[in-house]
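Since we're looking at a predicted model, the values are computed, not measured. Counting from 1, the numbers follow the sequence of the chain as shown.
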Amino acid sequence: MAAESEFDEEEEPSFSDPEDFVDDIGDEELLEDVLRERPLEADGIDSVVVVDNVPQVGPERLEKLKNVIHKIFSKFGKITNEFYPEVSGTTKGYIFLEYASPNQALEAVKNADGYKLDKQHTFRVNLFTDFDKYMNISDQWETPEKQPFKDFGNMRHWLEDPDCRDQYSVIYESGERTAIFSNDPKEPILVEERARWTETYVRWSPKGTYLATFHQRGIALWGGEKFKQIQRFSHQGVSLIDFSPCERYVVTFSPLMDTKEDPQAIIIWDILTGQKKRGFHCESSAHWPIFKWSQDGKFFARMTQDTLSIYETPSMGLLDKKSLKITGIKDFSWSPGDNIIAFWVPEDKDIPARVTLMQFPSRLEIRVRNLFNVVDCKLHWQRQGDYLCVKVDRTPRGTQGIVTNFEIFRMREKQVPVDVVEMKESIIAFAWEPTGSKFAVLHGESPRINASFYHVKSNGKIDLIKMFDKQQANSIFWSPQGQFMVLAGLRSMNGALAFVDTSDCTIMYIAEHYMASDVEWDPTGRYVVTSVSWWSHKVDNAYWLWTFQGRLLQKNNKDRFCQLLWRPRPPTLLSQEQIKAIKKDLKKYSKIFEQKDRLSQSKASKELVDKRRLMMEEYRRYKDSAIQLYNQQRELRLQLRGGVDTDELDSNVEDWEEETIEFFISEEIIPLGDLE
């Protein structure tokens, strides 16, 4: 009893914390194993994919369709739920599939998007969570927020110019002013001009839709009739950009932003949404662009030491989740016409150097060419991807000099045959004709520089067409439409210019633009601009406009002129047959164009044309109003004429009555005697 009494009298223990106690253990540490299993906010939605362009079937074929769909999509993971929307007993043509995890859903999007079920049905597969992202566009420097769609008008309005004038951008006053002009043979027509529009330089997108300007905080894209701001991309200290050929993505580089945890040196952006798609590390931008795009924008590739990494859009992930291990790879280039990569690897002990052509996404090697005694290689694609020239510098055994071989790959022929042109002189420049099968080479040593023109024939031969000796040239500039070119001696060669017609290999005109630093053809090949940039030469800054034949049209002097860039044109919508028909009937249209050219040769003629145009427009307006009034008064005319419709000459023929009327006009009397 005593013991029990002592126990009862003992104080109850306190479990309260002292007054100065600080609880420094958070939930993350205390309940780490529990919180790890906590479901995320987007769980369930991230695992759902939407499959579009599914066959629309009735109840009798629905079970068969489900079996086919399940067989295709179960390869990517376990399908936990599926939904086939219907209307009036028929499926709507799209379905929802839910996977066991988001990763499985991503695999389905990556591998099944574009899957061809039959001739009429090619699947389009997207994550359910992507729909909100694709329907909004950003207008902020910082992380894009959801914005309603904005209509910027006709983004290709400049193509509707009645006189087919092309546009170009000009930066002058050492970068303080930027202007857009429409090209005209008489004088440039100012479209837009702004002060401090860009902080460094500008770039046009590949199809001319956007103008990119550079700022300390990032890149801005402008477009539409009034060059409104279309999009902003926040990238502090950005210095370089590159567009995908399809204009869907833009790549920016900044040397200021990179960190190990969050790669920010290179960022790929979605132009339409303003979203950052992916960031990459970059140690050096010496060989920009770091990423090279396939011709359709579906793939982009990057070369690092012994590795070639191919990424695919829109996921921005590695193709097949792995890079290509290519020991010693030195350079690579995409074909402009197909999803084919050409790369070369130097010699390694007894293993020869080689050039490889690889097709994507299959990674199939379609051609391998072994090369010996190689010093260096350069890859040159013809613009349509019909030919590849590999310029190979070699040191043949037993000799000390360098010999150059041009290895010409015929990409459109079976097994890709290769022809070789050997040149023993040093090579200064090489360039393919953009739309044909000719190429030009500058070779030799100053002052004896030769220009040679070759033709790749279909019979397997490469012919030397013509060689011009003693040329003052260090650069080759083909017209975008082929046939015509400018051989230019830029900078140190004092701006010597030779205008050449390669159809018969004649020099049409020889001219000079002293200290010229740049040559730019317009997209149509009708005009070419030579310029002296303030960035390379501090005096005589100007740009001159020439015809393709070498006739000087304009000398435009701009204070501290820096840069001129022609606005690109998108590919034509005409078929080859339509283009041939236009060329065939060109003489029929030429008279109209010649007449317009004559009228535009003087300001007086231009004023007369404008006056006549206004008079014609005024006449048409009056005519339209008169016809409208005439039609409104029809009922009144019928009433006044007793219901007889006299608007038409042959109206109411059945009511006509024919009557002959004779009446006396005059009488003349002639005496008969006068006739004798």
- request: Using the six-membered ring of Tyr249, assess whether NZ or CZ of Lys277 lies under 6.0 Å from its centre and within 45 degrees of the ring axis.
  value: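 Ring-cation test returns no.
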When you compare the side chain of [Y] with that of [X], does any pair of heavy atoms fall below 4.5 Å?
{"X": "Val251", "Y": "Ile267", "value": "no"}
{"X": "Ile326", "Y": "Val345", "value": "yes"}
{"X": "Ile329", "Y": "Thr307", "value": "no"}
{"X": "Leu272", "Y": "Arg248", "value": "yes"}
{"X": "Val50", "Y": "Val125", "value": "no"}
{"X": "Ser437", "Y": "Asp386", "value": "no"}
{"X": "Pro523", "Y": "Pro480", "value": "no"}
{"X": "Val238", "Y": "Phe253", "value": "no"}

Taking the six-membered ring for Trp, is the centroid-to-centroid distance between [X] and [Y] below 6.0 Å?
{"X": "Phe453", "Y": "Phe468", "answer": "yes"}
{"X": "Tyr387", "Y": "Trp432", "answer": "yes"}
{"X": "Phe430", "Y": "Phe439", "answer": "yes"}
{"X": "Tyr454", "Y": "Phe406", "answer": "no"}

Under 3.5 Å side-chain donor-acceptor pair for [X] and [Y]:
{"X": "Ser101", "Y": "Asn103", "result": "no"}
{"X": "Thr209", "Y": "Glu247", "result": "yes"}
{"X": "Ser426", "Y": "Glu445", "result": "yes"}
{"X": "Asp393", "Y": "Thr404", "result": "yes"}
{"X": "Asn339", "Y": "Asp296", "result": "yes"}

- prompt: Rounded to the nearest 0.5 Å, how far apart are OG of Ser205 and CG of Leu221?
  reply: 8.0 Å
Gap separating the CD atom of Glu82 from the CZ atom of Phe96, nearest 0.5 angstrom: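 Going from CD on Glu82 over to CZ on Phe96, the span is 13.0 Å.
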Between [Y] and [X], is there a salt bridge with N-O shorter than 4.0 Å?
{"X": "Glu107", "Y": "Lys321", "answer": "yes"}
{"X": "Lys298", "Y": "Glu312", "answer": "no"}
{"X": "Lys461", "Y": "Asp463", "answer": "no"}
{"X": "Asp166", "Y": "Arg567", "answer": "no"}
{"X": "Lys116", "Y": "Asp118", "answer": "no"}

- request: Report the C-alpha separation of Leu319 and Tyr311 in whole Å, then their side-chain angles, then the decisive distance to 0.1 Å, and conclude whether the side-chain contact (heavy atoms from CB on, under 4.5 Å) test is met.
  value: CA-CA 5 Å; Leu319 179 64; Tyr311 301 85; over 6 Å; no
Side chain of [X], backbone of [Y]: donor and acceptor closer than 3.5 Å?
{"X": "Arg354", "Y": "Trp344", "result": "no"}
{"X": "Arg569", "Y": "Asp522", "result": "no"}
{"X": "Glu422", "Y": "Asn405", "result": "no"}

For [X] versus [Y], what's the shortest heavy-atom pair and its separation?
{"X": "Asn474", "Y": "Gly489", "value": "OD1-CA, 3.6 Å"}
{"X": "Trp521", "Y": "Trp478", "value": "CD1-O, 3.3 Å"}
{"X": "Asn373", "Y": "Glu347", "value": "N-OE2, 2.7 Å"}
{"X": "Ser475", "Y": "Leu490", "value": "OG-CD1, 4.0 Å"}
{"X": "Glu520", "Y": "Leu565", "value": "OE2-CD2, 4.1 Å"}
{"X": "Phe73", "Y": "Leu97", "value": "CG-CD1, 3.6 Å"}

query: Given the rule in the side-chain contact (heavy atoms from CB on, under 4.5 Å) test, do Thr356 and Arg367 qualify, once you have shown the distances and angles that lead to the verdict?
result: CA-CA 6 Å; Thr356 303; Arg367 189 68 161 88; over 6 Å; no
Does [atom1] belonging to [X] count more than 12 external heavy atoms closer than 6.0 Å?
{"X": "Lys391", "atom1": "NZ", "answer": "yes"}
{"X": "Lys110", "atom1": "NZ", "answer": "yes"}
{"X": "Asn459", "atom1": "CG", "answer": "yes"}

- prompt: Pick one: which of Arg412, Lys414, Glu413 meets side chain to side chain contact (heavy atoms under 4.5 Å, CB included) with Arg410?
  reply: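 Answer to the side chain to side chain contact (heavy atoms under 4.5 Å, CB included) test with Arg410 among Arg412, Lys414, Glu413: Glu413.
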message: One pair to check against side-chain contact (heavy atoms from CB on, under 4.5 Å): His455 and Glu433. What are the steps and the verdict?
response: CA-CA 10 Å; His455 183 207; Glu433 181 182 23; over 6 Å; no
task: Begin with the C-alpha distance, continue with both residues' side-chain angles, and end with the deciding distance and a verdict on side-chain contact (heavy atoms from CB on, under 4.5 Å) for Ile268 and Met316.
output: CA-CA 9 Å; Ile268 299 180; Met316 302 295 163; 4.0 Å; yes
